[in-house]
Amino acid sequence: ISLNPTIIVIFGGTGDLNLRKLAPALYNLYSDGYMPEKYAIIGTARRKLTDEKFRETIMDGVNSFSRSGKVKQEKWNKFAEHVFYSPVDVEAPETFGDLKANIERHQKEFGPDTQILYYLAVAPNLFPLIAKCLSKYKLAGNEDNCRIVIEKPFGRDLETAKELNCILTSIFSEKQIYRIDHYLGKETVQNIMAFRFANSFLEPLWNRTYIDHVQISVTEQLGVGDRGGYYEGAGALRDMIQNHLLQLVCLIGMETPVNFDADEIRNKKVDVLKAMRPFGPEDIRFSTVRGQYTKGWVEGKEVPGYRHETGVAPDSNTETFAAIKFFVDNWRWQGVPFYVRTGKRLFQTSSLITIQFKDVPHHIFPSTVTEHWQQNRLIISIQPEMSIRLQVQGKRPGLDMVLNPVDMVFDYKGTYTTESPEAYETLLLDVMTGDQTQFMRADQVESAWELLMPVVNAWESKKSLSFPNYTADSWGPEDAEALIARDGFHWFTLP
Ligand code: BG6
């Protein structure tokens, strides 16, 4: 790929996100030959650091967190020549002057085609401040040469998301704004579009006539760890469902785009969000479940309950688990439930999408033969296993006619020898090439909030009397099992 000279400014340069994700991603892009010929990475944060010290800091990050292990020193040295530091105190806007001088120095060296990317890896309350300072110091550029990347959370409800969109779009055009949802950069998530729209056998089956229900389950073994302060104000609904899980619903539910154009794809996703059935009070009672973990044992070690985590109130009402039954009211999906669940401190770390097909219209086999009967399932495993499985019935080898489910498996490990890039590598490259396909448009974010607001409000206004209601290392609250069991199904997991 031939890329214009690029200056990447990372706000929150010494923060966790840069050290764990952005710096390793940029270094890997460089190692794999994807960085532009001319580029500069400028880290900014409040504290005063020399370029040298900043380079050391991020090298430690890369060494600890890169998928490709420790850096190769010679390669690193070359990469590090492109890395700079400029202290900026967002609350003291005059410090933007030095940053501007730094940017202009590189611009002069790189020439008129230089593009500038601002990455806001900072607390969300700083997003508007930074955007306004960029505007004030005439650093916001234009559609062709300047982009801004915003991390989640994008607002904490519909109103704040709208406010933020309003501020951003008063300074930047929508074409310059890249709202990140890192799930969209995952290899297996990107493959959903390929699988659905590059194969002909699937489309005739991909509808209410053949599909019984859909499950999207993103479970995590870890607790909130040292993020209690942030998580207390968020909860599973805001942290995971509003963004990552609803994006997965969109990818499964969307109509076929007419081309691979960013706006065409995002239009089709918004259509799904707009078709999703709004929640009334009855739906909130019967179609949503919230949970919070209590202490338990994980791999032989006792772990604290959520209310005992650092930064968490002892009587916290924040949910660490959420399960919701959605419907998409359109011709394709009418009557097909989409069960979605996510939570922390669960039994397994796994992101799975399960499409369960309807049963055969008529059983020809006697019951002795079909003891292990299982309706066909398509299982898209996003992580940790990266695979697509089609569960079909087969005859067990032997003299008796006995059927049992078998998997036809497409497994990344067995199929490809190359390692998959990390989500942030894919997404950072997209920002550099100016491809917005895998980024959230303003209306996507707002539609997702609009859908969830009745649930957010109901959960916030009514304290859960049952919290904590699941043990660490379990599959979550019993009510979540009941939510799906009432319809005759159960949550599917991989062994
Ligand atoms: C983040 C959430 O967006 O996604 C975290 O804030 C969560 O709470 C994480 O743990 C999960 O991402 P992944 O890539 O580990 O599945």
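Remember, it's a predicted structure, so these values are computed and weren't measured experimentally. Start at 1 and go down the list; that is how both ligands and their atoms are numbered. Scope of the values below: all heavy atoms of this structure, side chains included, with no hydrogens, waters or symmetry mates.
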Carboxylate-amine/guanidinium proximity below 4.0 Å for Glu450 and Lys162: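 Salt bridge: no.
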With no hydrogens and no angle check, just 3.5 Å: does a side-chain donor-acceptor pair link Glu232 and Ser316?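 On atom types as modelled, these side chains qualify, holding a pair under 3.5 Å.
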Pair Gln375, Asp212: side-chain N/O donor-acceptor within cut-off below 3.5 Å: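 Note: Gln375 and Asp212 side chains meet the donor-acceptor criterion.
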Looking at side-chain heavy atoms only, is the closest gap between Asp271 and Met254 below 4.5 Å?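 Not touching, per the 4.5 Å side-chain cut-off.
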Can you find a pair of side-chain heavy atoms, one from Val456 and one from Gln242, that are under 4.5 Å apart?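 Result no, sub-4.5 Å side-chain heavy-atom pair not found.
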Could you pull out every N or O of ligand 1 that sits under 3.5 Å from a protein N or O, with the distance for each pair?
| from | atom 1 | to | atom 2 | distance (Å) |
| --- | --- | --- | --- | --- |
| ligand 1 | 3 (O) | Lys152 | NZ | 2.8 |
| ligand 1 | 3 (O) | His244 | NE2 | 2.7 |
| ligand 1 | 6 (O) | Lys152 | NZ | 2.9 |
| ligand 1 | 6 (O) | Arg227 | NH2 | 2.9 |
| ligand 1 | 6 (O) | Asp239 | OD1 | 2.6 |
| ligand 1 | 6 (O) | Asp239 | OD2 | 3.4 |
| ligand 1 | 8 (O) | Arg227 | NH1 | 2.9 |
| ligand 1 | 8 (O) | Asp239 | OD2 | 2.6 |
| ligand 1 | 8 (O) | Lys344 | NZ | 2.8 |
| ligand 1 | 10 (O) | Glu220 | OE1 | 3.3 |
| ligand 1 | 10 (O) | Glu220 | OE2 | 2.6 |
| ligand 1 | 10 (O) | Lys344 | NZ | 3.1 |
| ligand 1 | 12 (O) | His182 | NE2 | 3.2 |
| ligand 1 | 14 (O) | His182 | NE2 | 2.8 |
| ligand 1 | 14 (O) | Lys186 | NZ | 2.6 |
| ligand 1 | 16 (O) | Tyr183 | OH | 2.5 |
| ligand 1 | 16 (O) | Gln383 | NE2 | 2.7 |

Tyr424 six-ring face occupied by Arg20 cation (under 6.0 Å, within 45°):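 No, Arg20 does not lie over the aromatic ring of Tyr424.
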